[in-house]
Visitor: 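Please read through the structure below; I'll follow up with questions.
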Number of protein chains: 2
Amino acid sequence: MANQLSLSIDRSSPVPLYHQVVQGIEAAIHSGILEPGSRLDNEIDLAAQLNLSRPTMRKAMDELVRAGLLVRKRGVGTQVVSSQVRRPLELSSLYDDLSNNGKKPTTEVLSFSHVEADALTLAALQLPTGSKVYHFTRLRKVGGKPLALMENWVRDDITSMDEAQLANEGLYAILRRGGVNFRLASQRIGAMIANDYQAPLLETEAGSALVTMERTAVDDTGRMVETGHHVYRADSYSFEMTLVQR
Amino acid sequence: MANQLSLSIDRSSPVPLYHQVVQGIEAAIHSGILEPGSRLDNEIDLAAQLNLSRPTMRKAMDELVRAGLLVRKRGVGTQVVSSQVRRPLELSSLYDDLSNNGKKPTTEVLSFSHVEADALTLAALQLPTGSKVYHFTRLRKVGGKPLALMENWVRDDITSMDEAQLANEGLYAILRRGGVNFRLASQRIGAMIANDYQAPLLETEAGSALVTMERTAVDDTGRMVETGHHVYRADSYSFEMTLVQR
DNA sequence: GTCAATAGTTTGTCCTGACATTAGGATGTT
DNA sequence: AACATCCTAATGTCAGGACAAACTATTGAC
């Protein structure tokens, strides 16, 4: 019960107090100080130990429960869940995922154009008839091995872009620099068989398995910013996620 | 600006006040009373209109922001985002998904045994050596058409089960009745090519595309309850989800 | 006319306090 | 010894207030 997690709270920091607590407990769980299954002190005591109010402590624990790291039971207490489970799928791009894992992805721009959007794209991005979009296809490799073939459509009233930029960095990095704050994305994951166009580009045989993903991303003003259709080599990529019951 | 969403709050209801607000606003958005892009009154006024405190109002809006229905901006206000986007992927089972959509799924139990778990299963469910588990494979059809081939391992210290039960209802329904409160699940989605065992069962050709899913579910006490490996016909099933930036 | 300082609005954070609800153990009775 | 009842501990809900930070729009100075 005496689970003295020695967190240090810096009240002069611009980081909100509850978030400092989240980070502290998160670190304690990952480093093994808090073992899976162990019970935490109750909210009141924890708050007192850190000189925080109970609502602040609760807000921190709320986040950890939502993230799937803690489990609360009324009348019983709060426990650390198995640390085996992974973090929820974040709103990130393939490029970010790879970079964060220490990989060095390269991008080859196969086609690039600035054209009037077709009906399907207009609907996906909720744009008025006649709007123009950037349309391009890219091939992403890691360690020289092709991983993903990506076709995207991006509205052109946010930031301008060209082939050279796309070859050097991820699409989301470009858009973020253009002032886009992504808020949510809806995506659909499925499977298909590699066709004669995809197979040679991904250096696999026609008929091999591909993971498909269609995504549309929305920014904080509600604008549909980007929609894309991606395919991944099934032997090199899969989607991992943690679902939390609310 | 004057967005009189006429919600009725029932203070005698056992449903928490903030949740009544969530439901009310959710309904208003879905029914079109609150249009996408429209601004809500500020928190203080809204709370006053409903005779609630600001923290309660905020808690409700927090949930809606997390669900991706609202967008808040400091100094500006709160807006309804596009209602096009779907709800976040819930922790539900295929059986629930299908039933909720008005389909009538049928289940064929291909094999069923109560055996000592192998090393891989022991690791996945974090069980001590020598533990026994239920191991079974099921074929799920909708409208007579095969959709999914599912292999599962379930710990046996929760509830007993047999072939007949599995044929009549979903696995999650059985476990819930056995007292399991699911909290989170980690899953991995990928793709593969149908092999000679899978193809005839799913009434497709060997070499056609399948969506694969591996899932391990955890209950509110942190126990790993169930792990499974499922494959779906790619032409009939895909995973839809909404990712929310936090 | 253009730019910078300023005031006002709105959400973000944090506090104290109170009561309700639930789970589980302790107690007492049969 | 078995059972029902009470009590305690912990989380869940709700209130009201205070100040901080960020964005907008207006105002003022040059």
Side-chain angles (χ1 to χ4, degrees), chain A residues 1-3 9-23 25 38-66 70-81 179 181 183 219-221 245-246, chain B residues 1-3 7 9-23 25 38-66 69-81 179-181 183 219-222 245-246:
Chain A
M1 211 167 315
N3 237 320
I9 301 297
D10 177 8
R11 298 192 86 92
S12 67
S13 159
V15 178
L17 301 182
Y18 68 86
H19 200 251
Q20 293 184 36
V21 177
V22 168
Q23 293 174 325
I25 297 184
S38 62
R39 273 235 333 269
L40 269 67
D41 283 347
N42 68 60
E43 301 173 350
I44 319 251
D45 289 352
L46 276 178
Q49 284 170 32
L50 299 174
N51 272 99
L52 297 171
S53 71
R54 192 179 160 216
T56 302
M57 195 65 215
R58 265 187 77 76
K59 176 148 189 176
M61 298 177 86
D62 273 346
E63 285 206 15
L64 290 164
V65 168
R66 244 195 319 282
L70 296 182
V71 164
R72 286 192 290 203
K73 243 184 186 173
R74 188 188 286 197
V76 181
T78 307
Q79 269 189 321
V80 180
V81 176
N181 297 309
R183 260 317 133 82
D219 77 354
D220 57 359
T221 64
Q245 178 80 347
R246 297 181 311 171
Chain B
M1 216 162 312
N3 236 321
L7 306 179
I9 302 295
D10 177 8
R11 297 190 85 92
S12 66
S13 161
V15 178
L17 300 183
Y18 68 85
H19 200 250
Q20 293 185 37
V21 176
V22 168
Q23 292 175 326
I25 298 184
S38 63
R39 276 239 323 275
L40 269 66
D41 285 347
N42 69 58
E43 302 172 349
I44 319 249
D45 289 353
L46 275 178
Q49 284 170 31
L50 299 173
N51 270 99
L52 297 171
S53 70
R54 190 178 161 217
T56 302
M57 195 65 214
R58 266 187 78 75
K59 175 147 190 175
M61 298 177 88
D62 273 345
E63 286 206 15
L64 290 163
V65 168
R66 247 197 318 283
L69 292 174
L70 295 183
V71 165
R72 286 192 289 201
K73 248 185 184 172
R74 191 189 284 197
V76 181
T78 306
Q79 270 189 323
V80 179
V81 274
V180 174
N181 297 309
R183 258 320 131 81
D219 78 353
D220 58 358
T221 66
Q245 179 80 347
R246 297 181 308 170

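Letters go in sequence order (proteins before strands), and every chain restarts at 1.
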Visitor: I need the minimum non-hydrogen distance between A:Ala60 and A:Val22, along with the two atoms involved.
Guide: O-CG2, 3.5 Å

Visitor: Any side-chain N or O of A:Tyr18 under 4.0 Å from OP1/OP2 of C:dC14?
Guide: no

Visitor: Please confirm whether the backbone N or O of B:Arg54 pairs with a side-chain atom of B:Glu43, one donor and one acceptor, at under 3.5 Å?
Guide: no

Visitor: Whole Å only: how far is the CZ atom of A:Arg74 from the C1' atom of C:dA20?
Guide: 7 Å

Visitor: Does the side chain of B:Val65 come within less than 4.5 Å of B:Val71's, by heavy atoms?
Guide: no

Visitor: Roughly how many Å is it from CG in A:Leu40 to P in D:dA9, rounded to a whole number?
Guide: 19 Å

Visitor: Whole-Å distance between D:dT24 P and B:Gln79 CD?
Guide: 11 Å

Visitor: Pick base, sugar-phosphate or nothing for A:Pro55, based on heavy-atom distances below 4.0 Å to the nucleic acid.
Guide: base

Visitor: Ignoring hydrogens, what is the shortest heavy-atom contact between B:Asp10 and B:Leu17? Give both atom names and the distance.
Guide: O-CD2, 4.3 Å

Visitor: Toward the 5' end of DNA chain C, which comes first, A:Val76 or B:Glu43, by nearest nucleotide?
Guide: B:Glu43

Visitor: Please state how far atom CZ in B:Arg54 lies from atom P in C:dT10, giving the value in whole angstrom units.
Guide: 11 Å

Visitor: Below the 4.0 Å mark, does C:dT16 have OP1 or OP2 next to a side-chain nitrogen or oxygen of A:Arg58?
Guide: no

Visitor: Could you state the atom-to-atom distance from CG of B:Leu46 to P of C:dT10 in whole Å?
Guide: 11 Å

Visitor: Relative to the 5' end of DNA chain C, which residue comes earlier, A:Arg11 or A:Lys73, by the nucleotide with the nearest heavy atom?
Guide: A:Arg11

Visitor: Look at the side chain of B:Glu63 and the backbone N and O of B:His19, then say whether any donor-acceptor pair between them is shorter than 3.5 Å.
Guide: no

Visitor: Looking only at the side chain of A:Asn42 (C-beta and beyond, no hydrogens), which of the listed nucleotides C:dT11, D:dC14, D:dT11 gets closest?
Guide: D:dT11

Visitor: Expressed as a whole number of angstroms, how long is the span from B:Met61:CE to C:dG12:P?
Guide: 9 Å

Visitor: With a 4.0 Å cutoff (strictly under), does any side-chain N or O of A:Arg72 reach OP1 or OP2 of D:dA10?
Guide: no

Visitor: For B:Lys59 and D:dT13, is the shortest distance between a side-chain N/O and OP1 or OP2 below 4.0 Å?
Guide: yes

Visitor: Measuring to OP1 and OP2 of D:dA10, would you say a side-chain N or O of A:Thr78 lies under 4.0 angstrom away?
Guide: no

Visitor: If you compare every side-chain N and O of A:Thr56 against the phosphate oxygens of C:dC15 (OP1, OP2), does one of them come in below 4.0 Å?
Guide: yes

Visitor: Report the distance from atom CG of A:Asp41 to atom P of D:dA9, rounded to the nearest whole Å.
Guide: 14 Å

Visitor: Rounded to the nearest angstrom, tell me the gap between atom CG in A:Asp10 and atom P in C:dC14.
Guide: 12 Å

